Amino acid sequence: MVGGVDVAYLGGFGIAAAVVLDYSTLEILESAVATCPVKVPYIPTLLSFRELPPALAAIRRLKVQPDVFFVDAQGWAHPYRCGFACHLGLALCKPTVGVAKSRLIGEPTEVDGRTLLLDKGEAIGEAVTIKEHSKPVYVSVGNMVSLETAVEIVHQCSRSRVPEPTLQAHNLAARTKSKLAEGHL
DNA sequence: GCGACAG
DNA sequence: ATCTTGTCGC
Ligand SMILES: [Mg+2]
């Protein structure tokens with residue numbers, strides 16, 4: 001099973017969504033949402049401190065825990081090698097993979113037919129293009145998973161640019177936000 | 001000091 | 001991330 005996590009915002013609240021999909025069929029097995037006050041502003045490199053609380057709250061509500069979580073953020077591809085995906089994996093003590101829609105650091109470099117993100121002589125992640133001629137997603141190690149395995153499972157879970165786990169979590173968070181918004185009017 | 005900068 | 005209409009590509 002593969003899980004996905006993402007957070008939406010409304011007012012001063014964070015709305016997190018966690019989903020669990022079947023690795024083979026990509027069918028949604030379970031999902032959960034949780035909301036909590038945002039206590040930290042967004043500062044590049046410190047995203048995890050802002051999104052970890054709501055994310056953990058949503059994950060805690062899942063009855064079945066997936067074998068690995070895809071996170072909508074960087075993992076090892078971070079200045080301190082500790083992006084949100086790493087932070088979440090350490091907090092849960094479970095495997096995680098970072099799948100970001102844009103780059104934080106690292107120089108995209110062509111190596112053996114793939115585009116690695118290099119920083120200070122180290123391969124910290126990989127730019128993965130699901131569909132030719134489309135913007136890539138930046139995959140990096142989160143916790144307990146190698147970059148090679150991370151890229152492999154990301155491909156297995158992809159139908160469009162953003163892999164299903166993260167996409168489903170993002171959509172659920174957005175829909176939940178909309179409902180809360182209308183109820184507030 | 002200047003530019004870059006996940007979500 | 002959020003605001004926000006039409007428009008482009010698959
Ligand atoms: Mg997000």
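All of these numbers come straight from a predicted model, not from anything done at the bench. Just so it is clear: chains get the letters A, B, ... in the order the sequence lines come, proteins before strands, and each one is counted from 1.
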OP1 or OP2 of dC5(B) sitting under 4.0 Å from any side-chain N/O of Arg103(A)? yes
Side-chain N or O of Lys177(A) closer than 4.0 Å to phosphate OP1/OP2 of dT2(C): yes
Rounded interatomic separation in angstrom, taking CG from Leu104(A) and P from dG7(B): 9 Å
Winner on side-chain proximity to Phe84(A), out of dA6(B), dC3(C), dA1(C), is dA6(B)
Give one of base, sugar-phosphate or nothing for His133(A), where a contact means two heavy atoms less than 4.0 Å apart. nothing
According to a strict under-4.0 Å criterion, is Ser102(A) in side-chain N/O contact with OP1 or OP2 of dG7(B)? yes
How long is the line joining CG of Leu47(A) and P of dA4(B), in whole Å? 21 Å
Quick one: Asp6(A) CG to dT2(C) P, roughly how many Å, whole number? 9 Å
What nucleic acid atoms does Ser160(A) come within less than 4.0 Å of, heavy atoms only: base, sugar-phosphate, or nothing? nothing
Under 4.0 Å between a side-chain N or O of Lys101(A) and OP1 or OP2 of dG7(B)? yes
Side chains of Thr115(A) and Pro108(A), heavy atoms from C-beta outward: is any pair under 4.5 Å? yes
Cation-pi check, Arg50(A) to Tyr9(A): give yes when NZ or CZ is under 6.0 Å from the six-membered ring centre and within 45° of the ring axis, no otherwise. yes
Leu117(A) CG to dA4(B) C1': how many Å, rounded? 15 Å
Tell me: CD of Glu126(A) to P of dA6(B), nearest whole Å? 20 Å
dA6(B) P sits how many Å from Arg50(A) CZ, rounded? 13 Å
Steps toward side-chain contact (heavy atoms from CB on, under 4.5 Å) verdict (Val128(A), His155(A)): CA-CA 9 Å; Val128(A) 178; His155(A) 266 109; 3.6 Å; yes
May I ask you to check whether His87(A) and Phe49(A) place their ring centers less than 6.0 Å from one another? yes
His170(A) side chain N/O closer than 4.0 Å to the phosphate oxygens (OP1, OP2) of dG7(B)? no
Expressed as a whole number of angstroms, how long is the span from Phe70(A):CZ to dA6(B):P? 21 Å
Leu46(A) near the nucleic acid: base, sugar-phosphate alone, or nothing, with a heavy-atom cut-off under 4.0 Å? base
Hey, is Tyr42(A) doing a stacking thing with dA1(C), by the 5.5 Å centroid and 30° angle criteria? no
Are the side chains of Val97(A) and Val141(A) in touch, meaning some heavy atoms are under 4.5 Å apart? no
Looking at Tyr9(A), I'd like to know whether one of its side-chain N or O atoms comes within less than 4.0 Å of OP1 or OP2 on dG7(B). no
Specify the residue among Lys131(A) and Ala8(A) whose closest nucleotide of DNA chain C lies further upstream toward the 5′ end. Ala8(A)
